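Every chain is numbered from 1, with letters handed out A, B, ... down the list of sequences. Note that the coordinates shown come from a computational prediction; the quantities given were computed from them, not determined experimentally. Values below: all heavy atoms of this structure, side chains included; hydrogens, waters and symmetry mates excluded.
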Protein chains: 2
Amino acid sequence: MRPKRYDWRTGCSVEATLSVIGGLWKAVILFHLLEGKRRFGELSRLVPGTTQRMLTLQLRELEADGVISRTVFPEVPPRVEYELTEFGRSLEPILLTMRDWGLSFQSRRLGEPKPAKDLAA
Amino acid sequence: MRPKRYDWRTGCSVEATLSVIGGLWKAVILFHLLEGKRRFGELSRLVPGTTQRMLTLQLRELEADGVISRTVFPEVPPRVEYELTEFGRSLEPILLTMRDWGLSFQSRRLGEPKPAKDLAA
DNA sequence: CTGGATCCCCACGGATACTG
DNA sequence: CAGTATCCGTGGGGATCCAG
């Protein structure tokens, strides 16, 4: 049995949140879905560093949690679109807050002349 | 250093944020530190599901990133206190947003008699 | 184009014992 | 009390091939 890492029942509220968006690339995926529907290939390009396999797995879990919807178009070149559900959209405040902090963090780091410990971090 | 999972330089803003709080239990740890200083043993109890080793590792990384400070009291029964730095406190909006969503999620789930995957409204 | 199925490996993380 | 050191198992995730 997989005791999972996070337990939304016994854990604190943050832990509950992580049980949904705690996956490796979930937050990043959801962030890119804020702007609208995305095809699999788009997400693949938007999230470099992840493999197709990982992307698929993460998308499946998000779908299972009711955060995103998956629409398959029965076309000859297959097309699949992922979209936030109403429930998934409720995560927007979190994602936007993370984006804001990230932007600030990035510019802060870029402004630093020399990192204290060049290799790490 | 290994390319790690997240790269705040090449990735999107959310990815940059995850490079700091993306660790397994980092968000949970930081959340508990919002209320003030915590001793190692306290955190250990506050974050069930994590081992001392993991807790130590996560704390070390957070410290290396300048998010928390570690104070050692040279007492006979050793005492170590962890506290958010000013920089770490800048993460508060994220943590609080996650807490809020988690609370809502928990109560929502508790009210559900059966898991519903199709939620139109 | 969008994945599913498989194989494989290592590094992540658990458990335990020890120390200042 | 607050770790560190060590060993070790596992499963997470990469790579590859195949399919609709």
Worksheet item: Looking at B:Thr51, does any N or O in its side chain come under 4.0 Å of the phosphate oxygens OP1/OP2 on C:dG14?
Response: yes
Discussion item. Tell me the interatomic distance from A:Glu63, atom CD, to C:dG3, atom C1', rounded to whole angstroms.
Written reply: 13 Å
Worksheet entry | Phosphate-side-chain proximity, A:Arg70 and C:dT2, N/O vs OP1/OP2 below 4.0 Å | no
Response to the item:
Atom CD of B:Gln58 and atom P of D:dA2 are separated, to the nearest Å, by 18 Å
Practice prompt. Give a yes or no answer on whether the side chain of B:Ser90 reaches the backbone of B:Glu86 with a donor-acceptor pair at less than 3.5 Å.
Written response: no
Worksheet item: How long is the line joining CG of B:Leu55 and P of C:dC12, in whole Å?
Response: 18 Å
Worksheet entry | Side chain to side chain, B:Ile21 and B:Leu95, heavy atoms closer than 4.5 Å | no
Worksheet item: Within the pair B:Arg60 and D:dG3, is there a side-chain N or O less than 4.0 Å away from OP1 or OP2?
Response: yes
Worksheet item: If only atom types and distance count, is the side chain of A:Tyr82 paired as donor or acceptor with the main-chain N or O of A:Leu30 below 3.5 Å?
Response: no
Worksheet item: The side chain of B:Met54 lies closest to which of these nucleotides: D:dA2, D:dG13, C:dG14?
Response: C:dG14
Worksheet item: For D:dA2, does either OP1 or OP2 sit under 4.0 Å from a side-chain N or O belonging to B:Arg39?
Response: yes
Worksheet item: Roughly, in whole Å, what's the span from CG in A:Leu57 to P in C:dA5?
Response: 11 Å
Worksheet item: How close or far is atom C1' of D:dG11 from atom CG of A:Leu24, stated in whole angstroms?
Response: 13 Å
Discussion item. It should be established whether A:Arg53 places a side-chain nitrogen or oxygen under 4.0 Å from OP1 or OP2 of nucleotide C:dT6.
Written reply: no
Item to complete: Hey, can you tell me if B:Phe105 and A:Phe87 have their rings parallel, tilted or perpendicular (30° and 60° cut-offs)?
Response: parallel
Worksheet item: Could you give the CD-to-C1' distance, from B:Glu81 to D:dC1, as a whole number of Å?
Response: 13 Å
Worksheet item: So which one's nearest nucleotide on DNA chain C is more toward 5', B:Gly49 or B:Pro78?
Response: B:Gly49
Discussion item. Over all strands shown, is A:Tyr82 touching base, sugar-phosphate only, or nothing at heavy-atom distances under 4.0 angstrom?
Written reply: sugar-phosphate
Worksheet item: How many Å lie between CD on B:Glu61 and P on C:dC12, as a whole number?
Response: 9 Å
Discussion item. Checking the side chain of B:Thr97 only, and the main-chain atoms of B:Pro93 only, is there a donor and an acceptor separated by less than 3.5 Å?
Written reply: yes
Response to the item:
Rounded to whole Å, the CZ-P distance (A:Phe40 to D:dG20) equals 18 Å
